[in-house]
Structure formats: C-alpha cells, structure tokens
Amino acid sequence: NDAFDDSDTTLYIESVAGTIDPFQTLRALKENAKKEGYAKIAVHGVNERLNRALARAGFELKEVVHDWLGTSAAYMEMEL
C-alpha cells in the first residue's frame with residue numbers, strides 16, 4: 001500500500017492474537033519500542049473491534065487496503 005512506512009524507525013506489528021488487554025499490551029509495546037529507538041508503531045488491522053481500540057489509543061488511520069491477504073485492512077500508525 002502507498003502509506004506503508006518501512007523505515008528502520010518504524011516497528012511493524014505483524015500479529016496480535018489471543019485474549020489480551022489491548023491497552024496494557026500497547027503500553028508495554030510503546031515503552032519497549034521507545035527503548036529500542038523506534039519513532040512509530042505500524043499495523044495492518046483486520047479486526048474492526050481491535051482497530052477501534054487502537055484508534056482510541058492514538059493510532060491514526062493512514063489508508064484502507066482493500067485486498068490485503070484476501071481481506072480489507074486498515075493501515076494504522078502511532079507516533080511514539
């Protein structure tokens with residue numbers, strides 16, 4: 001997709017699975033990403049409920065990809 005940022009300062013989250021508290025997980029992820037020198041976190045979100053939680057937590061929708069691995073996905077980023 002056009003908005004995808006593949007720079008070395010972007011931590012791309014490939015998958016989130018299982019029963020988790022998205023806000024607790026995101027807090028830990030942000031803390032560790034900052035320590036490692038990342039400037040932002042990016043994800044292709046395919047779960048609408050999780051995407052809404054990510055948006056509430058500060059992720060910004062950059063683009064909707066209509067055929068990403070056979071489904072629609074929201075490409076989202078969060079500046080750290």
Side-chain angles (χ1 to χ4, degrees):
N1 60 299
D2 295 332
F4 183 69
D5 183 346
D6 64 349
S7 68
D8 290 341
T9 59
T10 299
L11 175 61
Y12 182 77
I13 305 303
E14 185 172 316
S15 167
V16 177
T19 304
I20 61 163
D21 174 347
F23 297 103
Q24 181 180 356
T25 302
L26 185 57
R27 278 190 300 274
L29 185 60
K30 284 170 42 178
E31 182 180 307
N32 288 318
K34 282 182 185 179
K35 285 181 186 175
E36 294 298 321
Y38 291 101
K40 68 174 98 171
I41 300 172
V43 63
H44 280 93
V46 296
N47 179 305
E48 289 184 25
R49 184 172 172 223
L50 180 58
N51 292 352
R52 286 191 301 272
L54 292 173
R56 284 193 306 272
F59 274 80
E60 180 182 346
L61 176 64
K62 296 291 187 175
E63 181 179 6
V64 175
V65 182
H66 294 287
D67 188 20
W68 188 78
L69 300 178
T71 190
S72 289
Y75 177 70
M76 305 171 81
E77 293 180 345
M78 172 190 264
E79 298 286 334
L80 297 176

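- For Glu79, the salt bridge (Lys or Arg N to Asp or Glu O under 4.0 Å) criterion is met by Lys40, not counting sequence neighbours.
- When side chains are defined from C-beta on, Leu29 counts as touching Leu11, because their heavy atoms get closer than 4.5 Å.
- By the 4.0 Å N-to-carboxylate-O rule, Lys35 lies close enough to Glu31 to be salt-bridged with it.
- You'll find the side chain of His44 stays beyond 4.5 Å of the side chain of Val46, heavy atoms only.
- Asn32 CG to Lys34 NZ: the interatomic distance, rounded to the nearest 0.5 Å, is 11.5 Å.
- For the atom pair OG1 (Thr71) and CG (Asn47), the distance works out to 10.5 Å, reported to the nearest 0.5 Å.
- Looking at Phe59 and Ile41, their side chains come closer than 4.5 Å, going by heavy atoms from C-beta outward.
- Closest of all the heavy-atom pairs between Met76 and Asn51 is CE-O, 3.5 Å.
- One finds the OH atom of Tyr38 at 14.0 Å from the OH atom of Tyr12 (value rounded to the nearest 0.5 Å).
- In this structure, CG in Leu26 is found 11.0 Å from CD in Gln24, a value given to the nearest 0.5 Å.
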